[in-house]
Each structure stands twice: as C-alpha cells, then as structure tokens.
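Accompanying notes for the structure given below.
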Amino acid sequence: MNAHSLSALRRIFTILLLLAGVASLAVDVARAAAPTIRVLQIKGTINPVTAGYLVRGIQQAEEDRAGVVLIEVDTPGGLDTSMREMVQAIVNSRVPVVTYVAPAGARAASAGMFIVMAGHIAAMAPNTAIGAAHPVNLGGGEQSSQDRVSANKAEADAAAYARSIAELRGRNKEWAEGAVRLTDTAKGSATADEALKLNVIDLVATNRDDLLDKLEGRNVRLLTGEATLQTRLAPQEVVEMSLFESFLFAISNPNVAFILLSLATIGIFFELANPGAILPGVVGGVFLLLALYSLGTLDVNWTGLLLIAFAFLLFLAEVFVTSHGILAVGGVISFALGAMLLFSASPLFALDLRVLGIVLAALIAYFAFVTVMVRKAHLLRVTVGGAETLVGRTATARTDLSPEGYVFIEGERWLARAEGAPVKEGDTVTISKVKGMKLWVMAARKEEEENA
C-alpha cells in the first residue's frame, strides 16, 4: 500500500471519528433537553408510609417539571385508605404518570390494581399479574347479618371506585368491577398478555428501557390538557425512600410491631417491678410509642391488643400478689390469645407463627424468672432473722412517702408508710413497726425530737 492510500485511509478514519463524536454530542444534547423521568418504586404492602412516599415523589416531580413519573409496582395490596390517597395523587397529577407492574414475577393485587389502573398509561412486564381486588373480610370467621351488610357495602363501594377509575382512563370497566366482586373467577385476575387483550392495560414491556422506548411520542390527557411523552432519550432518576421513611416502613410490619410491643412490655414491667431503674422504663416507653405507630399503620384487631394489655396487668400483679402462679398462667394464656388475634383481621398482615413462638417462649422465661426471684426475695425477708429485727433500724427513702412509697434497706426495697409528716425521696427514715411485708417509718429528725 502506497503513501497516497494510507493518507486517504487516515482521512476517512478521522472523518468517522468526527461523525461519531458529533452523534454522541447530539445524543447528550438530546438527553439534556429531554425532561427527566422520575422513577418511584412501590414494593410490599400499601400503608401510610408508602402513600406518603408516592405523594412526595409526585409533588417533587411537579415542582421540578419532570417529564414523566414512572411508578414500578410490586405489591400484594394493603390498606384501603392509603390506596385511595395514592390514587388521588396520581389522578390529580400535573405530570404524566405511568404505572408499570415489574419486574417479571411481580403482581399488582388488591389495592395495587387500583393504583396501576389509575396511571395515565398502565403497563406490565411479562410473567406478572394484576387483579383479585375483593375487599378482605375484616371480621374473620362467621359473620353476623350486620357484618354481612357492612361487607356488601364495602364491596359495592370498591367496585364503584374501580369502575370509575377504569372509565376515567378508557379501560375495561366490566373487568375492573369483576376483579372486585369476583363474580367470575376468570375476571378475578389476569396475566400481562390477558390484561392487554382485555384492555386493562395499555402495553406490555420486557423492562424499563423497553417501556420508555414504547412510550415515546404517546399522548396522554392531563387535567391541565394534553401532553406528548418524550422518554426515549430522557435521563432517569430513581427516587428512593428517605432514611426516615425507610425506617417507618421497616417497622410497619406485623412481626416487627409484635416484637416492639413485647419489648415494651418487658421494659415497662421491669421498671414498675423495680422503681428507680429508669433505663428499662425509658427504653420500654420508646418501644411502646414505636409499636403504637406501627400498629396504627396495620390492620389491627383491637381485641387482641386488649388481651395483651390484660396479660401485662396479670404479670405485674403476680409480682405483688401471692397467687401461686395462677396469675402468671392466666397472663401467658391471655398474651398468646391476644397475639393470635392481633393481626387476624387480614391475611396481608398475618403474624409469622415462628416469631410468635420465639417471642412467647422468651416472655414466659423472662416473667417466670422475675417472678421466682421476687418470691425468693420475699421469703428471705421473712425467714432470715425475722422482719421484726428491722424495727429501730434506719433506711433510705427511694420515693416520696406521702404517705406511702418505697424505702431501701440492706439491698432490698420495701413498701413503707410514713407516720406523721411526709418523707421526701433520699431522706433517712427510722423503722417503727413491721406488719407483714409493709413497714411503718418516720423521718429520723422527727424521731430524735420525740425521744428528746
């Protein structure tokens, strides 16, 4: 090959590089010019935390003038109130919202079906499912006539809501209503291909990039007018839950809620059985507040919660009342029944039986140990030297005695009653009388004055 040919090849190669650079620059310019696509991911049960995350994501997209909000859905369903809040945010969005059941193997069941159908464009990945949106029987077991009326009302309301959403988006109203009423098992749920044929969704896409490619140039109708989607070269931005939202979502789980409630019971019980420990009471109080928040986001049977509270009272009474273990046994039974009933209202929020067994065994062991130790301490107080030997000795007030409280003597805490003036915490007192497991005391200064 001569020098002239090599020079020509160099020129051609240089031109190709320049063309590639120009093409790359054009793509970058197109990407920069295209509005951003905000990607929200709904995974797990629908609850207030999920609703807050979605509403925040849509509001931020509106403020930043994003091109599209893409909501990837994989949920078994959840709370009706949270679902309606999410649907309302999607319907009133000033940014086009695309709902997408993904990845493969995902589902949009129950409340998830309403969310997917509310999108301006609804899509599904292959090997996914949508439907089965019948309201769950919140009562469990056999229903009274009043319960059946309430259930029928809930079903009619959910069916009308599904029909209105489908009608708003121009989709199959009959299928949407059938998915709620389950009048025909074939209409209860559908695969991606079936949903496309039935006009439940608008398209099937294998992945996010395939979906964005198919969305390019589509027109959607917003409340503010029509909009044309530009998605093929648009930059994508995945909006994650904040750390606080992730924490709240993590504790909005029936198993976590039950563990928090059990830890709160242990902490508060220890504090009441040993006044002045402080740390167990503080930790127990924090766990109790977290447990109450978690229970507020779940479908809770309040009868179960009351049984657990009653079990706590029985455990506490066992420490101070001689029942020979009867109160403790009653507490264990009440706690077990309460735990089984706590989340029985809905199968979506079922408690793992393994968690129940482990927590129940730990609680029984803990309360049995504490009860035995307290009983031994009480017996030692009577048998070693006799309680009468305490008369005339001094003790320290652990709490205010006005007139009753607790005093501390020889490493033990005693219930005491002040004679005469009230005694402040930390004061030195003299024991004047012992009756059973109770002391009568007076301030040391007062006793000195009486002796003088």
Side-chain angles (χ1 to χ4, degrees), residues 34-103 106-123 161 165 168-169 208 211-212 215 220-225 227 229-231 234-253 256-257 289-290 292-299 348-349:
T36 304
I37 296 176
R38 296 291 175 83
V39 181
L40 307 178
Q41 297 174 324
I42 305 298
K43 296 181 181 179
T45 55
I46 302 299
N47 57 36
V49 181
T50 312
Y53 160 69
L54 183 138
V55 171
R56 176 177 64 84
I58 292 178
Q59 289 176 346
Q60 287 182 349
E62 291 176 342
E63 294 172 0
D64 299 339
R65 297 186 179 181
V68 174
V69 173
L70 173 60
I71 304 175
E72 295 180 343
V73 181
D74 180 11
T75 175
L79 298 179
D80 178 79
T81 52
S82 299
M83 175 270 293
R84 291 175 186 260
E85 183 180 354
M86 297 167 76
V87 169
Q88 188 176 21
I90 295 172
V91 170
N92 292 285
S93 173
R94 299 192 300 272
V95 176
V97 177
V98 178
T99 51
Y100 180 40
V101 185
R107 57 175 170 166
S110 191
M113 185 205 74
F114 292 84
I115 295 170
V116 171
M117 295 193 70
H120 297 96
I121 294 179
Y161 196 52
I165 294 173
L168 175 67
R169 299 306 186 203
R208 189 189 301 170
L211 173 64
L212 297 179
L215 290 175
V220 297
R221 184 180 297 276
L222 305 174
L223 295 179
T224 55
L229 303 185
Q230 301 177 22
T231 57
Q236 304 172 26
E237 181 181 344
V238 178
V239 180
E240 303 283 354
M241 282 189 177
S242 66
L243 289 177
F244 185 63
E245 287 173 333
S246 299
F247 172 73
L248 294 180
F249 185 77
I251 67 174
S252 299
N253 178 288
V256 176
L289 293 176
L290 292 176
L292 291 177
Y293 172 83
S294 182
L295 293 173
T297 65
L298 300 170
D299 199 2
L348 290 176
F349 304 105

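The structure displayed is predicted, hence computed values, not measured ones.
Checked against side chain to side chain contact (heavy atoms under 4.5 Å, CB included), Glu85 has the following partners two or more places apart in sequence or in another chain: Ala51, Val55. The salt bridge (Lys or Arg N to Asp or Glu O under 4.0 Å) test applied to Glu240 returns no partner, not counting sequence neighbours. Residues passing the side chain to side chain donor-acceptor pair (under 3.5 Å) test with Ser252 are Thr297, sequence neighbours excluded. Every residue meeting the side chain to side chain contact (heavy atoms under 4.5 Å, CB included) condition with Ala106, not counting sequence neighbours, appears here in chain and number order: Asp74, Val101, Pro103, Thr128. Residues forming a side chain to side chain donor-acceptor pair (under 3.5 Å) with Ser294 (at least two apart in sequence, or on another chain): none. Remark: Arg208 pairs with Glu72 by the salt bridge (Lys or Arg N to Asp or Glu O under 4.0 Å) rule, at least two apart or across chains. Residues passing the salt bridge (Lys or Arg N to Asp or Glu O under 4.0 Å) test with Arg84 are Asp80, Asp157, sequence neighbours excluded. With sequence neighbours excluded, the residues satisfying side chain to side chain contact (heavy atoms under 4.5 Å, CB included) with Val256 are Ile251, Asn253, Leu260. Contacts of Ala122 classified as side chain to side chain contact (heavy atoms under 4.5 Å, CB included), with partners at least two apart in sequence or in another chain: Thr99, Val116, Arg171, Ile201, Asp202.
Around CD of Gln236, the count of heavy atoms belonging to other residues, nucleotides or ligands within 6.0 Å exceeds 12. In the displayed structure, Leu223 atom CG is contacted under 6.0 Å by more than 12 heavy atoms of other residues, nucleotides or ligands.
Counting only heavy atoms from C-beta outward, the side chains of Ile71 and Met86 never approach each other to under 4.5 Å. You'll find the side chain of Pro96 stays beyond 4.5 Å of the side chain of Ile121, heavy atoms only. Side-chain contact between Val98 and Thr231 is absent, with no heavy-atom pair separated by less than 4.5 Å. With a 4.5 Å cut-off on side-chain heavy atoms, Phe247 and Leu290 count as touching. Side-chain contact check for Ile115 versus Ile46: some heavy-atom pair is nearer than 4.5 Å. By the 4.5 Å heavy-atom criterion applied to side chains, His120 and Arg169 are counted as neighbours.
Taking OG of Ser93 as the start and CD of Gln59 as the end, the distance is 10.0 Å to the nearest 0.5 Å. Here the OG1-CD distance, from Thr36 to Glu237, works out to 6.5 Å after rounding to the nearest 0.5 Å.
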Audit row: Ile90, Leu54, side-chain contact (heavy atoms from CB on, under 4.5 Å) steps and yes/no: CA-CA 9 Å; Ile90 295 172; Leu54 183 138; 4.2 Å; yes
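For Ala227 against Leu222, the heavy-atom pair with the smallest separation is CB-CD1, 4.1 Å. Across all their heavy atoms, Lys43 and Phe249 have their closest contact at O-CZ, 3.3 Å. When all heavy atoms of Gly77 and Ser110 are compared, the pair lying nearest together is CA-CB, 3.8 Å.
Thr75 places a side-chain N or O within 3.5 Å of a backbone atom of Gly44 that can act as its donor or acceptor partner. Checking side-chain atoms of Tyr53 against main-chain N and O of Val239 turns up a donor-acceptor pair under 3.5 Å.
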List, one per line, each side-chain donor-acceptor pair under 3.5 Å for residues 60-68, sequence neighbours excluded.
from  : atom 1 : to    : atom 2 : distance (Å)
Glu62 : OE2    : Arg94 : N      : 2.8
Asp64 : OD2    : Arg38 : NH1    : 3.3
Asp64 : OD2    : Arg38 : NH2    : 2.7

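Screening Leu215, Val238, Leu40, Leu211 for a side chain to side chain contact (heavy atoms under 4.5 Å, CB included) involving Leu70 leaves a single residue, Leu211.
Applying the salt bridge (Lys or Arg N to Asp or Glu O under 4.0 Å) test to residues at least two apart or on different chains, the pairs with a partner in residues 241-251 are Arg56-Glu245.
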